[in-house]
Protein chains: 2
Amino acid sequence: MPRHRKPTLNDIARDSGHSIATVSRAMSQPELLQPKTLERIREVAARLGYVPNRRARALASGQSETIGVVVPTLNSPIFSSTLQEMQRCFAANGFQLLIASHEYDPANEMAALAQLISHGVDGMVIVGARRSRSCWALLEAAKLPLVQIWEGLPAHDRVTVDNQQAGYLVARYLLDIGHRRFGVICGHLQNNDRQSARVEGIRAALAQDGVTLARTQISEQALTISSGRAGCMTLLEMLPRPTAVIGTADLLAIGAMFEAQGRGIGVPDALSVAGIDNVDVAAHLSPSLTTVDIPAANIGAEAAALMLRRVRQEDTTPSTSISLPVTLVVRHSTARPME
Amino acid sequence: MPRHRKPTLNDIARDSGHSIATVSRAMSQPELLQPKTLERIREVAARLGYVPNRRARALASGQSETIGVVVPTLNSPIFSSTLQEMQRCFAANGFQLLIASHEYDPANEMAALAQLISHGVDGMVIVGARRSRSCWALLEAAKLPLVQIWEGLPAHDRVTVDNQQAGYLVARYLLDIGHRRFGVICGHLQNNDRQSARVEGIRAALAQDGVTLARTQISEQALTISSGRAGCMTLLEMLPRPTAVIGTADLLAIGAMFEAQGRGIGVPDALSVAGIDNVDVAAHLSPSLTTVDIPAANIGAEAAALMLRRVRQEDTTPSTSISLPVTLVVRHSTARPME
DNA sequence: CGAATTTATGAAAACGCTTACATCATCGGG
DNA sequence: CCCGATGATGTAAGCGTTTTCATAAATTCG
């Protein structure tokens with residue numbers, strides 16, 4: 001009666017009178033066994049309540065059926081959709097996710113990667129391309145299938161969206177309806193190539209029309225609604241006041257909109273506000289938020305699919321790049337400038 | 001030069017002229033070695049670029065420094081805050097998280113738990129107490145430290161918030177300011193004890209004042225803003241119209257508010273709307289949302305702390321229960337009914 | 001100064017599984 | 001009727017650690 005130890009293949013082998021190898025095969029390659037043998041083994045396994053020990057399996061076979069994912073943060077509407085979908089796809093194929101976040105701190109990221117690698121993941125999904133030389137060295141040394149998402153270097157697989165294009169689209173639209181004085185609220189650009197690319201895209205559009213973006217017209221903030229408000233507050237002090245504010249993440253734009261409205265500055269009449277991401281709530285706000293749709297869930301699905309092909313070695317092309325389209329979604333938070 | 005294989009303890013042992021046991025100790029219990037020996041081994045390890053293989057370590061020691069977490073969904077503002085904080089706490093202590101989601105499907109949950117158990121996690125964090133007998137059997141059989149969060153059975157450790165109290169508080173408040181006709185939008189109650197408890201809390205408050213809640217006054221919905229809108233639409237068809245709508249999750253309440261406003265029904269003048277969760281955006285909406293604050297991040301922190309104590313066997317009390325306070329946050333989406 | 005401790009290291013047996021190889025029937029074809 | 005395939009199963013060698021126990025060296029002490 002005292003079963004303190006979990007049953008192992010060995011126990012099943014003993015009880016069923018077969019060798020441990022046969023029992024192992026019953027678990028992983030049942031088609032190799034005679035139906036009768038298989039049935040007997042399965043019965044014993046069920047009776048003992050056998051659960052395979054994957055870490056032993058991993059050690060012996062070199063495959064852990066585990067994928068490491070490192071994201072900046074888990075509680076962002078964008079990354080969490082990507083993660084949710086990625087998790088779904090991997091789980092459906094028997095893979096588990098080891099998830100870590102670094103909260104935009106390079107040292108944290110390095111530590112997380114090292115941890116995941118030493119845990120023996122079969123592959124690694126990382127966000128963005130901008131990381132230290134030593135961080136890349138670590139990844140190279142691990143010789144793991146690597147999928148970069150959101151942004152990525154050509155040297156490795158990547159599933160990206162054109163963040164620069166996203167910035168371009170929203171700025172181009174605002175220019176087209178007549179805006180010339182802009183304010184931009186963005187995330188900290190330091191270690192964040194997604195945000196940087198979006199700002200560059202905005203710059204590119206403005207440059208086409210000869211509009212420049214001074215340092216004072218950009219406010220770097222954390223990626224929250226409150227920070228969006230704060231950023232907007234700063235920008236509204238500019239004289240003459242901007243006629244349009246772009247948040248390079250919807251949370252920032254939403255914060256900006258709230259701040260403007262709170263100060264009695266009508267959106268879009270007195271100020272146009274636009275974002276990038278197309279988070280759920282954007283469509284429902286009043287006014288609804290003009291933004292650029294980023295297919296966050298799709299990124300997760302495509303990254304998972306690509307990774308699965310790599311891990312199973314079905315795809316051995318040197319390095320695949322999947323780029324998903326971003327699309328401008330014009331809603332009601334933007335309008336022609338008044339003057 | 002051709003280093004295809006990653007260096008192992010054995011390689012270090014050979015190169016340094018020490019035994020593999022000594023090298024192992026250099027990694028895990030350096031204080032046992034002579035400084036000179038330690039230094040030599042460390043030098044060789046560094047030169048070879050040694051990274052310990054945790055799955056081998058796990059197999060040999062029985063400890064994987066890995067915790068399994070199963071949540072309903074990753075892309076919910078609430079769960080993702082809990083996860084983010086939990087991840088932070090665990091990572092700071094060298095533990096990695098294997099995260100799975102089941103999207104409110106019991107079969108998925110069962111599969112996820114089985115997978116995580118067979119991956120050899122040192123502990124498991126699960127949301128809620130309501131799950132099938134076989135699911136519990138699986139967990140019992142695994143004999144793992146188990147921490148339930150949000151809701152939980154007394155038989156195991158748990159870090160909870162009083163969801164019933166949350167429902168009670170918001171309903172009590174609305175009653176106190178004069179409301180008698182209510183509509184409730186909640187998540188699907190089937191396998192969700194958090195949502196069920198909140199609805200019960202509302203019922204309890206109403207019962208105190210002799211107000212009943214008919215089946216038609218409750219709309220079960222998915223936990224999204226759109227569903228909140230849909231739910232509100234249904235409830236507004238009631239005659240006479242409710243004077244207050246409670247969403248048992250902020251996303252639902254937010255959707256309800258948008259829907260009412262979209263139909264020209266003023267909030268809070270013609271309709272009071274209140275939620276539960278206190279998500280980030282709630283404070284910024286106009287009108288700002290009356291809600292009940294749920295310390296989601298704290299749940300993660302407390303759960304991590306408790307689990308760490310269990311895994312390290314520092315805490316061997318039979319079963320601990322930590323209950324975090326919920327607090328009513330009155331804002332501007334609620335007011336006395338007009339009539 | 002030798003017995004009793006203590007300290008640093010090594011040898012080898014796990015941990016639970018996979019898998020290359022060996023074995024032994026079974027079987028169809030020449 | 002024997003030979004080479006084919007198929008089912010067993011044997012045993014890993015996989016990279018930890019850990020127990022033994023051993024050898026250094027230290028303490030009566």
Side-chain angles (χ1 to χ4, degrees), chain A residues 3-42 44-45 48-66 94 115 117-122 142, chain B residues 3-42 44-45 48-66 94 115 117-122 142:
Chain A
R3 158 147 313 113
H4 289 97
R5 217 170 37 83
K6 289 212 221 162
T8 73
L9 283 193
N10 230 317
D11 299 328
I12 302 182
R14 189 176 0 80
D15 280 28
S16 70
H18 286 277
S19 83
I20 178 174
T22 306
V23 178
S24 168
R25 282 188 275 259
M27 300 302 152
S28 17
Q29 310 163 62
E31 69 279 8
L32 292 185
L33 299 195
Q34 263 190 327
K36 242 178 84 175
T37 316
L38 183 57
E39 189 193 355
R40 209 164 354 168
I41 292 179
R42 288 223 166 124
V44 176
L48 261 45
Y50 172 74
V51 178
N53 178 329
R54 290 180 104 111
R55 41 199 207 205
R57 194 208 291 261
L59 183 57
S61 72
Q63 294 265 294
S64 67
E65 304 199 300
T66 271
Q115 284 257 334
I117 290 171
S118 95
H119 264 293
V121 295
D122 290 343
Chain B
R3 158 148 316 113
H4 289 98
R5 215 169 39 82
K6 290 211 221 161
T8 72
L9 284 191
N10 229 318
D11 299 327
I12 303 182
R14 190 176 358 83
D15 281 29
S16 70
H18 285 277
S19 83
I20 179 173
T22 306
V23 178
S24 168
R25 282 188 276 258
M27 302 300 151
S28 16
Q29 309 163 65
E31 69 279 6
L32 292 185
L33 299 196
Q34 262 189 330
K36 242 178 83 174
T37 316
L38 184 56
E39 189 193 355
R40 208 165 354 167
I41 291 180
R42 287 222 166 124
V44 176
L48 262 43
Y50 172 74
V51 178
N53 178 329
R54 291 181 105 110
R55 40 199 208 206
R57 193 205 294 258
L59 182 57
S61 72
Q63 294 265 297
S64 66
E65 303 199 301
T66 271
Q115 285 257 333
I117 290 171
S118 94
H119 265 291
V121 294
D122 290 344

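Every chain is numbered from 1, with letters handed out A, B, ... down the list of sequences.
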Phosphate contact (C/dT9 OP1 or OP2) by B/Thr37 side-chain N/O below 4.0 Å:
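So the side chain of B/Thr37 is within the cut-off, an N or O lying under 4.0 Å from OP1 or OP2 of C/dT9.
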With a 4.5 Å limit on heavy-atom distance, are the side chains of [X] and [Y] in contact?
X	Y	value
A/Ile41	A/Leu38	no
A/Tyr50	A/Val44	no
B/Leu33	B/His18	no

So where does chain B start and stop touching DNA chain D, 5' to 3', when the test is distance under 4.0 Å to a non-hydrogen atom?
D/dG16 to D/dT20
Write down the protein N/O and nucleotide N/O pairs, taken from nucleotides 22-25 of chain C, whose separation is under 3.5 Å; answer none if there are no such pairs.
none

Taking atom OG of B/Ser16 and atom CD of B/Glu39, what is their separation to the nearest 0.5 Å?
12.5 Å
Mind checking the CG-CZ spacing from A/Leu9 to A/Arg14? Nearest 0.5 Å is all I need.
12.0 Å
Residues A/Lys6 and B/Ala142: closest non-hydrogen pair is CE-O, 3.9 Å
Looking at every heavy atom in both B/Ser19 and B/Ala13, which two are closest together, and how far apart are they?
C-CB, 3.9 Å
Residues two or more places apart in sequence or in another chain: which of them pass side chain to side chain donor-acceptor pair (under 3.5 Å) with B/Ser64?
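Expected list: B/Asp122.
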Can you list everything that forms a salt bridge (charged side-chain N to carboxylate O under 4.0 Å, His left out) with A/Arg42? Sequence neighbours excluded, please.
none
Could you write nucleotides 10-20 of chain C as a row of B, S and -, 5' to 3', where a protein heavy atom under 4.0 Å of any base atom gives B, of only sugar-phosphate atoms gives S, and otherwise -?
BB---BBBBBB
Could you give the side-chain donor-acceptor pairs of residues 52-60 of chain B under 3.5 Å, partners two or more places apart or in another chain?
from: B/Asn53; atom 1: OD1; to: B/Arg55; atom 2: N; distance (Å): 2.9
from: B/Asn53; atom 1: OD1; to: B/Ala56; atom 2: N; distance (Å): 3.1
from: B/Arg54; atom 1: NE; to: A/His119; atom 2: NE2; distance (Å): 3.3
from: B/Arg54; atom 1: NH1; to: A/Ser118; atom 2: OG; distance (Å): 3.4
from: B/Arg54; atom 1: NH2; to: B/Glu65; atom 2: OE1; distance (Å): 2.3
from: B/Arg55; atom 1: NH1; to: A/Gly120; atom 2: O; distance (Å): 2.5
from: B/Arg55; atom 1: NH2; to: A/Gly62; atom 2: O; distance (Å): 3.4

